[in-house]
Amino acid sequence: MEVTLRILRYDPDRDEAPHWETYKVGVDPMDRVLDLLIKVKAEQDGSLSFRRSCAHGICGSDAMLINGRNRLACRIRVDQLGKKISVAPLPGLPVVKDMIVDMNGFFGKYRSVKPYLINDQPEPERERRQSQVDRARYDDTTKCILCAACTSSCPSFWARPEYVGPAAIVQAHRFIFDSRDEGADERLEILADENGVWRCRTIFNCVDACPRGINITRAILEVSSAIVGRRG
Ligand code: SF4
Ligand code: F3S
Ligand code: FES
């Protein structure tokens with residue numbers, strides 16, 4: 001079958017502004033959008049630029065706006081989209097070229113919540129043990145692959161780019177509720193500031209966008225409740 005693929009192209013060395021270009025691509029219905037992009041790059045325009053690595057929904061590098069929704073190009077197939085497919089870079093992030101967006105701000109926010117185990121106790125002889133119940137407490141947020149689909153779909157982030165965003169809160173949640181970690185207070189203080197959790201207006205775009213099915217709004221609510229509980 002043939003698909004009409006519209007791609008929002010932008011090359012800062014050549015274009016004054018982003019513009020749509022249309023490609024006719026012969027595909028199999030089971031092909032993924034990533035396969036289409038690879039095909040266009042190989043057969044029609046070698047300058048087309050996009051990130052990808054694992055091609056199996058693990059690395060998080062190929063999130064983009066596909067038919068109006070943030071998704072991973074390697075996880076969405078032609079038969080799920082139909083014969084007209086549009087592809088644009090993630091909204092709300094500066095475009096470097098074509099689908100490639102500048103992720104520095106996104107990863108800066110990720111780093112700001114200290115996304116690593118904080119524990120100054122002497123190292124045990126073997127691993128720091130944890131019960132299954134304690135592990136289950138933050139299981140959902142361990143699934144995050146830092147694809148930025150959530151943060152870049154959030155109207156609160158579009159309106160205020162300083163908002164730390166759902167992805168960073170998810171990453172903070174993963175450590176705040178880890179029974180082996182001792183850095184919860186530091187993280188909660190960071191997330192209690194004017195660009196932290198209170199910027200969330202429970203719009204739920206982030207949940208719709210997350211390719212890992214993480215209950216992001218629940219994680220945000222749990223972090224907000226922990227901040228309130230700490231104050232009380
Ligand atoms: Fe991507 Fe989901 Fe992680 Fe957000 S929470 S960065 S959408 S995997
Ligand atoms: Fe944004 Fe998700 Fe909250 S879309 S406003 S972070 S519920
Ligand atoms: Fe790794 Fe799609 S290429 S998630």
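For ligands, and for the atoms within them, numbers begin at 1 and follow the listed sequence. All values reported here derive from a predicted model rather than from experimental measurement.
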Atom 3 (Fe) of ligand 1: nearest protein contact (heavy atom, Å): Cys144 SG, 2.3 Å
Proximity of Cys59 to ligand 3 by residue part, where a heavy atom lies under 4.0 Å: both
Whether Arg160 engages the ring of Phe157 as a cation-pi pair (distance to the six-membered ring centre under 6.0 angstrom, angle to the ring normal within 45°) should be assessed. no
Any idea which atoms of ligand 3 are less than 4.0 Å away from a heavy-atom of Ile58? 4 (S)
Ligand-residue contact atoms, ligand 3 with Cys74, heavy atoms, under 4.0 Å: 2 (Fe), 3 (S), 4 (S)
Over 60° means perpendicular and under 30° means parallel, so tell me whether Tyr110 and Phe107 are parallel, tilted or perpendicular. perpendicular
For atom 3 (S) of ligand 3, what's the nearest protein heavy-atom neighbour? Residue, atom name and distance, please. Ala55 N, 3.1 Å
Sub-3.5 Å donor-acceptor pair from the side chain of Asp102 to the main-chain atoms of Pro94, do we have one? no
Donor-acceptor under 3.5 Å (Asp62 side chain, Arg52 main chain): no
ILVMFWY cluster, Phe175 and Ile169 together (side-chain gap under 4.5 Å): no
Look at atom 8 (S) of ligand 1 and say which protein heavy atom is nearest, naming residue and atom and giving the distance to 0.1 Å. Ile145 N, 3.4 Å
Does any N or O in the side chain of Thr151 come within less than 3.5 Å of the main-chain N or O of Ala148, such that one atom is a donor and the other an acceptor? no
re atom 4 (Fe) of ligand 1, the protein heavy-atom contact at minimum distance is Cys150 SG, 2.3 Å
Counting each atom of ligand 3 from 1 as listed, which ones have a heavy atom of Ser53 under 4.0 Å away? 3 (S)
Under 4.0 Å from a heavy atom of Ala167: give me the atoms of ligand 1 that qualify, with their elements. 6 (S)
Where on Ala148 is there a heavy atom closer than 4.0 Å to ligand 1, on the side chain, on the backbone, on both, or on neither? backbone
Side-chain touch Arg9/Ser47, heavy atoms, less than 4.5 angstrom: yes
re atom 2 (Fe) of ligand 1, the protein heavy-atom contact at minimum distance is Cys210 SG, 2.4 Å
Please state which part of Thr151 comes within less than 4.0 Å of ligand 1, counting heavy atoms only: side chain, backbone, both or neither. neither
Please state which part of Cys54 comes within less than 4.0 Å of ligand 3, counting heavy atoms only: side chain, backbone, both or neither. both
Atom 1 (Fe) of ligand 2: protein N, O or S atoms that are less than 2.8 Å away, sorted by chain: Cys154 SG
Gly60 to ligand 1, any heavy atom closer than 4.0 Å: no
Of all protein heavy atoms, the one nearest atom 1 (Fe) of ligand 1 is Cys147 SG, 2.4 Å
Short side-chain to backbone donor-acceptor contact, Asp181 and Ile118, under 3.5 Å: yes
Output the list of atoms in ligand 2 that are nearer than 4.0 Å to some heavy atom of Thr217, sorted by atom number. 7 (S)
of all protein heavy atoms, closest to atom 4 (S) of ligand 3 is Gly60 N, 3.2 Å
Determine whether Val164 and Ser112 make a side-chain contact, defined as any pair of heavy atoms from C-beta on separated by less than 4.5 Å. yes
Can you name the atoms of ligand 3, numbered from 1 with element, that are less than 4.0 Å from a heavy atom of Gly57? 4 (S)
Spell out, as yes or no, whether a donor-acceptor pair under 3.5 Å connects the side chain of Arg32 to the backbone of Ala55. yes
Ignoring hydrogens and geometry, is there a side-chain-to-backbone donor-acceptor pair from Arg187 to Val113 under 3.5 Å? yes
When you check the side-chain N and O atoms of Asp208 and Ser153, is any donor under 3.5 Å from an acceptor? no
Candidate list Pro155, Ser156, Cys210, Cys154, test side chain to side chain contact (heavy atoms under 4.5 Å, CB included), partner Asn205, passing option: Pro155
Contact with ligand 2 for Tyr163, non-hydrogen, under 4.0 angstrom: yes
State whether the side chain of Asp98 and the backbone N or O of Ile100 hold a donor-acceptor pair below 3.5 Å, judged by distance alone. no
Test item: Gln80 side-chain N/O and Arg77 main-chain N/O as donor-acceptor pair under 3.5 Å: yes
In terms of atom number and element, which parts of ligand 1 are under 4.0 angstrom from non-hydrogen atoms of Leu146? 3 (Fe), 6 (S)
Could Arg137 and Asp134 be called an ion pair, given the rule that one side-chain N must be under 4.0 Å from one carboxylate O? no
Under-4.0 Å heavy-atom contact with ligand 3, by part of Ile145 that carries it: neither
